[in-house]
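Hydrogens, waters and symmetry mates are skipped; everything else that's a heavy atom, side chains included, is used. Each chain gets a letter, A, B and so on, in the order its sequence line appears, and its residues count up from 1.
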Amino acid sequence: MIQPFTTPESGYTLIPKEGAIETQTIEVSMGPHHPSTHGVFRMDVVLDGEEVKRLKPVFGYLHRNHEQLAEKMNWLGSIPFTDRLDYFCSMSNNWAYCHAVEQLAGIKVPERAEYIRVIMAELTRLINHSCLAGFLLSDAGAWGTPLLYAFREREKILDLFESVSGARMMCNYMRFGGVRADVSDDWLACARKVVENYPRFLDELEALITGNEILLARTQQVGILPRELAINASVTGPMLRASGVDYDIRKVDRYGIYDRFDFRVPLGEVGDVYDRYYVRILEMRESVKILQQALRDIPEGPFDAGVKMRNFKVPAGDGYGRIEAPKGELGFYLVSDGGTRPYRYHVRAPSFINLTILEDMCLGHKVADVIVILGSVDIVRGEVDR
Amino acid sequence: MTTLAHFQILASLLFVIGLFGAVTRRNAIVVLLSIEIMFNAANLSLVAFWRYSPHPEQLSGVMFAIFGITIAAAEAAVGLALVIVIYRYYKSIEVDGMRSLKG
Amino acid sequence: MLGNGLLQGLVVTARNFIRSYFDPERLTTVQYPEERVTLPENSRSFPFLVYDGTPDNLRCVACKICEQECPPQCIYIEVERDPKTGKPVRRPRVFDIDYSVCMQCQICAEVCPFDAIKMDQVYELAGTDRFGGMLHDKAALLKSNEYYHQIRPTEADEVDARLSQSKKKVSPPIAKPAAVPPAQPVPPKTDV
Amino acid sequence: MYNFFDQLFVALGAWLVGLVVAAGNGVSKLCCGQPMSEAAAHNVAAGTQVVLICVTIYGVFALCFGLATWLERKMLARIQNRYGPNRVGPFGLLQFVADGVKMLTKEDIVPARADKLVHFLAPAIVLAPALLMFGFLPFGRNMAPTDLDTAVIAFFAVGAGSELALFMAGWGSRNKYSILGALRAVAQMISYEIPLVLAAVPVVMIVGSLSTSQIVAAQGTDSFLDVKGWFVWTPWGFAGFILFLIAATAESNRSPFDIPEGESEIIAGFHVEYSGFKFALFFMAEYLGMMAMAGLGVTLFLGGWHGPKLLPSWAWFMLKGFLIVCWLIWLRGTLPRLRVDQLMAFAWKAMLPFALFNIFATAVWFYLPKTTFLQSAVAWIITAALVVAAYLVISRFVSRRAGAPRVYRYAS
Amino acid sequence: MDTAFIILSLITVAGAVWAVTLRNLIHAVLSLVLFFFGIAGFFFYLNADFVGWVQILVYVGAVAILAIFAVMLTHNLTAEDEPGFFSLRWLTGMAIAATVGAVLWFAIRSNAAMSQTAPAGVASNVADIGRKMMTDWVVPFEVVSLLLTAAMIGAIVIAMEQISHRK
């Protein structure tokens, strides 16, 4: 049902059924400067009154030639560029890239580094999902109040990142075989305190949002994503689980040391905007559980495998490593010809693939719904356009 | 001082303008607007008569005007709804074009 | 009951409004020019060159490793040649870093075998000229070791220990990546 | 002492009028020999009275508009854990002056294909009703600007003019988003005008007159603490007040009903093509409209200027208006926006039946005997039961579509 | 013929003439609104306050916007093919208007009662209107309410039929 989109040059002439009032269709381009398209993203929407008849997403405004650059860079050099893919979760991007290279080069990662990586990834998941709830509400019109509560919590976690890696968002923290800097004990103490307080913030956010009748009316039965379409379009992450498909790479691949932690994977049933929002809230509660266990039994020991960073060579061959990033399955397909530079470097960006089915979810809905549906897809333009 | 005659002349002038509009213009909506003008002109003269009447406590003109306004509003609503229905079938609302009485 | 979801939301915002007057947790913004957020010791901004004692006694030996490794290629080095013999002297004549291109990724500090280039913590670098203005030459980049101690005490001590220990061994320092010591974070302001 | 402050402005007004009349006499003595004739003096006095009223309304409420913008930004900021404007003037109080100057100096862009005349007239026509509405509200004891016996109808009639102006603004700027915004604005304001008028009908029924000063008089008791007489304490009054507040937020395009300028969907709705001072006029009209509606809410339900004799009467009117404005700002900080069709459905399917039922409940209250305390208590309970029953029936009907609360299972 | 009367009549006649002759329909409807305000002004001038406010509420509040919606739904913003000046259609219209005007003019001129000036102290207050509405005029009141519901249902049926077509 995703037929190739050819736009007739003459614009859209909808032939109304006989007798129906032939209203002019308005062709609105919700352009790159639209206040709530999460970055530079354009949608050519054909409106019949308020209803959406056709919607064509236009990508490419934030294309920075990331993959070609990586082929010019040595293996270490492209780690800081992965921070800029999904600039909301730089730690997960680093981990995905390092994970792919380690699989290719067969590097063994010490215990402590694995724990540190899980802690960082789960903290990024908390940031991402709480900010999504905030953005979704400001798209629905709640003028930023939940967003600023989410940012208040995000600041605490970004302080933790800054004190360990040096930068709040562009951490460039992980290296092949482990992490760049060890985590001190009082850093762990601060992290435990922040994680202790997170459920209190989640309860406050839920009290503000979940029972809100206006939001229920705005999000329930809106932008429904059926299971089959989600699977066919290879949607991954919370969007897929909201439609009821049980597929979480942390449980499927059991990469890193996720098999040591007991956590559950929440599933929605209808697959509308409300499910996507609430599944993410439940995922945050699971992440808090993982963090508590990881912070409790992080062992002592080396934090990196002592891999020599300069002229680091990867044996020839290709490989695909993937992790469960907050937005979905973030994969790196790397081809190495044995030299210090990757021969081919491709990023499987979850936001890009989750966005292809935007039109199917938006058809028949109102203009206001398009924005809320786009908000629930949770895209970041850096990752979509690379 | 403004006598009753001034008001009646003004009301009839407005009535005539409305009549002229209703007769000459081809567009159905403008015809409806002119009918509205005629209604208002009538209301104006009624209230003028009440204002200059010897025993105003009967409030005759005012009551006429109030009922006139409500009826004119109802008429405008139905009239414009009819115009939309006509437009739907004939794709144009030229007054001359509506010859056939077919449903 | 129709309205109680809305009422709960209103109660949350009311609590935030009232608590923002006396609970520091509920008032997180900082009045920037007057109050400043204390940066954790490990936070980094742009690189700078370290010199011991006098500015021309700088640690950099112009080996150009950082120039090769820098992802956005924003470092430019020219080796100084001895005017008489024409042989290269182990000191850079020109050492430019274009701050507008640099993405503060700290890889240069990581791969430098001589601990000559470190990450600074200054972030107020607003300038008027976008092209030439952000190109910092050697003189602008040079900062003393004391300054380095000032901004990063623990890291500076380890670097000094390693340098003095390697000076006893006459052999050139082995190119081992400067493992950044475990981070001592400034406890985030928001401990509740 | 209390009366001095209470009648302060009335005395001030009378003194000023006397001053002008005296000046008039002086001038006429100079140029044509003898002081003005009786009719001329009366005309001059009436003229100055009108001018005085206009000046005070513009002055006081323009200042209130400025303070309202400051209050809104401060309150929203505090709700969102941040400071809000505090740089311009003490505590940021001169922020609205800075905004005003910025608006004045901004370039006023008129789109090329815009309908020049309509585009130019729209801001003026939006502002006119907002200011006119204040003319019918009694601000304090015998401080009512105009004492019409049809004040409530006049208030709503003038309010109806602003819808047309919103449409002209949207239509005049010839831009897709603004047309969408204009149609939404007109549809919303029309469908919420009916619950608004019906919410005011019970008060008019009980008081028996349309004039606002009589409505306020009916709510007053001559005790020191005359709070008992307000209509909001009666069950139908409370229901009417809630209805009035919801409809007033919709009429002034605020918080859950700010669809016409839904920022996240159609950018700024009808005033997307306005910049510079024209946009400031729209901004001012919205705030003045909000304050006028708050004023009417105070007059109809919260006993106008009646209040314990600690504060002068006009201070009570301003304080209650301030509380309603704070409530509207509080709503804006919390609630997301309704979609257009839900908004319409809510107006026609929930507000309208509840308003009609409220009128029925008021009739029941009116005819129940309320001589002794016991009888009025019984009457109060009966009406309260009626109103609550109506609310429960309607809320079950409205939330029927919301579907059962979702239960989320976890993967095995 | 005092100044208020002259100003008001100028506004009203101008609004009426523009409403009838302007090409651009939206401008025509806006000038109609000006006409309505003029008529309401006359009602205030004649001390019939209640009717004046009802006129504004009903006409400016609802009928004008109804007309605008009708104009928008029929997509003919500028009615081009209008009869030019001195075309046959225009002349006949002018002739009819002139005759009706002449008849009215003579009727007014011949009637002696027309020349009386305004008696003082005539004012309509809302309470009397309400009382009279419920006593002498109760039958027309019920009939009008019946008519209004019929008109509302009629308009909705037409609109409803249109929506059912679109499904």
Is the closest basic N to carboxylate O distance between D:Lys349 and D:Asp341 below 4.0 Å?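 No.
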Can you classify the ring geometry of D:Trp327 versus D:Trp330 as parallel (below 30°), tilted (30 to 60°) or perpendicular (above 60°)?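 Judged by the thresholds at 30° and 60°, the geometry between D:Trp327 and D:Trp330 is perpendicular.
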Among C:Asp23, C:Leu10, C:Val12, residue most engaged with chain D (heavy-atom pairs, under 4.5 Å):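 Most heavy-atom pairs within the cutoff with chain D belong to C:Leu10.
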With chain D as the partner, which of C:Arg19, C:Arg15, C:Glu34 has the greatest number of non-hydrogen pairs under 4.5 Å?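 Result: the option with the highest number of such pairs is C:Glu34.
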Enumerate, atom names and distances included, each donor-acceptor pair closer than 3.5 Å involving a side-chain atom of residues 95-105 of chain C, sequence neighbours excluded.
from, atom 1, to, atom 2, distance (Å)
C:Asp98, OD1, C:Ser100, N, 3.0
C:Asp98, OD1, C:Ser100, OG, 2.7
C:Asp98, OD2, C:Ser100, OG, 3.4
C:Tyr99, OH, C:Pro47, O, 2.6

Contacts table for residues 93-101 of chain D: side-chain donor-acceptor under 3.5 angstrom, sequence neighbours left out:
from, atom 1, to, atom 2, distance (Å)
D:Gln95, NE2, D:Asp99, OD1, 3.3
D:Asp99, OD2, D:Arg73, NH1, 3.2

Measure D:Leu335 against the heavy atoms of chain C and call it side chain, backbone, both or neither at under 4.5 Å.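 The side chain, not the backbone.
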Winner by heavy-atom pair count (cut-off under 4.5 Å) against chain C, out of D:Gln80, D:Met75, D:Arg82, D:Arg78: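 Of D:Gln80, D:Met75, D:Arg82, D:Arg78, D:Arg78 has the most heavy-atom pairs under 4.5 Å with chain C.
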